[in-house]
Asks: 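I'd like to ask some things about the structure below.
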Amino acid sequence: MAHEAALKFFSDFIESQLGIVYDERNYYQLVSRLEEVAKKLKIDDIPGLHRKAIAGIDSKFRDLLLDTATNNETSFFRDPRVFQTIQSQVLEQYVAPLKTPIDYRIWSAASSTGQEPITLAIVMSEIAEKLGPNFRFQITATDICDRALSRARAAEYSEFEVQRGLSQALLAKYFENLPNGRWVAQQKLRRHIDYQKLNLRSPFHSLGKFHLVLCRNVLIYQAIPGKIDVLTRIAHQLEPHGLLFLGAGESVLGLADALESVSNDDRAVFFRLKRESLTQAA
């Protein structure tokens, strides 16, 4: 009974802070993650962790709980169709060579250990080679997890990690092999990426407007009210013809009235502002 009470306590706390829902169907994931927290704090078991939490959750304990509660599974070019679509959409919108400068702004929400924003920097660099120097881009990468952000800023990856999604040609072009056998993204990619700590439940209007937003495999863990809230606010951050990509199987149907879905020949689905929303904004 004490074990069940502990799981209920931590699931409620995590949902209140992040919007991530753990219920009886995925308690096994919560158990695994709480056991990881207990081990790091040198506490014997989950009931012991519960007793510590009831006594008071300080900032260090809170950050460790929330960092561990998030899913940081990622890889380079995860779902290649998404990045093929991004490239085709951008190249369709702009004609090479560009006569006037374009500052293309991208937001990688829940960027984890950095593979997604680095992938975006590679894709945009390839696009810039076609559109010329007037195509400039900047990527804002945000995550709630300090450990993930620290790794992302370092941009250093193991042989196993770079083999997950990167071709040998792109690896040679955009990464350097370190003496320890690991690989680091070159500065020509990293200079385009600004990493920030952000909880999507918090206000993010100060980030400004974006031409492209990726918020993939994040909302799937949220309850419906949380999904509606985040999607509504993301819609406000999109430029008039901006694009939003969610995870495979995620949708805005019934969740964001201002957005509509679009599919293309690459069989990737993305979202943009409805025409009536553009008219109202104008």
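Values below: all heavy atoms of this structure, side chains included; hydrogens, waters and symmetry mates excluded.
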Asks: Applying side chain to side chain donor-acceptor pair (under 3.5 Å) between Tyr22 and each of Gln29, Lys8, Arg33, report the one that passes.
Replies: Arg33
Asks: Within this structure, what is the CD1-CD1 distance for the pair Ile102 and Ile127, rounded to the nearest 0.5 Å?
Replies: 12.5 Å
Asks: Hey, is NZ on Lys40 packed in by over 12 heavy atoms from elsewhere, all under 6.0 Å?
Replies: yes
Asks: Please step through side-chain contact (heavy atoms from CB on, under 4.5 Å) for the pair Met124 and Ile86, ending with a clear verdict.
Replies: CA-CA 9 Å; Met124 292 299 151; Ile86 289 170; 3.6 Å; yes
Asks: Above 12 or not: heavy atoms from other molecules or residues under 6.0 Å from NZ of Lys188?
Replies: yes
Asks: Less than 3.5 Å apart, any donor N or O on the side chain of Glu126 or Tyr174 sitting next to an acceptor on the other?
Replies: yes
Asks: Which of parallel (below 30°), tilted (30 to 60°) and perpendicular (above 60°) describes Tyr157 and Phe76?
Replies: perpendicular
Asks: With Val252 as reference, evaluate Leu219, Ile234, Leu231 under the side-chain contact (heavy atoms from CB on, under 4.5 Å) test and give the passing residue.
Replies: Leu231
Asks: Just by distance, do the side chain of Lys130 and the backbone of Ala96 share a donor-acceptor pair under 3.5 Å?
Replies: no
Asks: Do the side chain of His192 and the main chain of Phe137 share a donor and acceptor less than 3.5 angstrom apart?
Replies: yes
Asks: Ignoring hydrogens and angles, write down the donor-acceptor pairs under 3.5 Å from the side chains of residues 142-155, residues two or more places apart or on other chains.
Replies:
| from | atom 1 | to | atom 2 | distance (Å) |
| --- | --- | --- | --- | --- |
| Thr142 | OG1 | Trp107 | NE1 | 3.0 |
| Asp143 | OD1 | Cys145 | N | 2.8 |
| Asp143 | OD2 | Ser111 | N | 3.3 |
| Asp143 | OD2 | Ser112 | N | 2.8 |
| Asp146 | OD1 | Lys197 | NZ | 3.4 |
| Asp146 | OD2 | Lys197 | NZ | 2.9 |
| Arg151 | NH1 | Glu161 | OE2 | 3.1 |
| Arg151 | NH2 | Glu156 | O | 3.3 |
| Arg151 | NH2 | Glu161 | OE1 | 3.1 |
| Arg151 | NH2 | Glu161 | OE2 | 3.2 |
| Arg153 | NH2 | Tyr195 | O | 3.4 |

Asks: Does one side chain, of Gln89 or Gln93, offer a donor that lies under 3.5 Å from an acceptor on the other?
Replies: no
Asks: Please answer: with hydrophobic residues joined when any side-chain heavy atoms are less than 4.5 Å apart, are Leu49 and Tyr27 in the same cluster?
Replies: yes
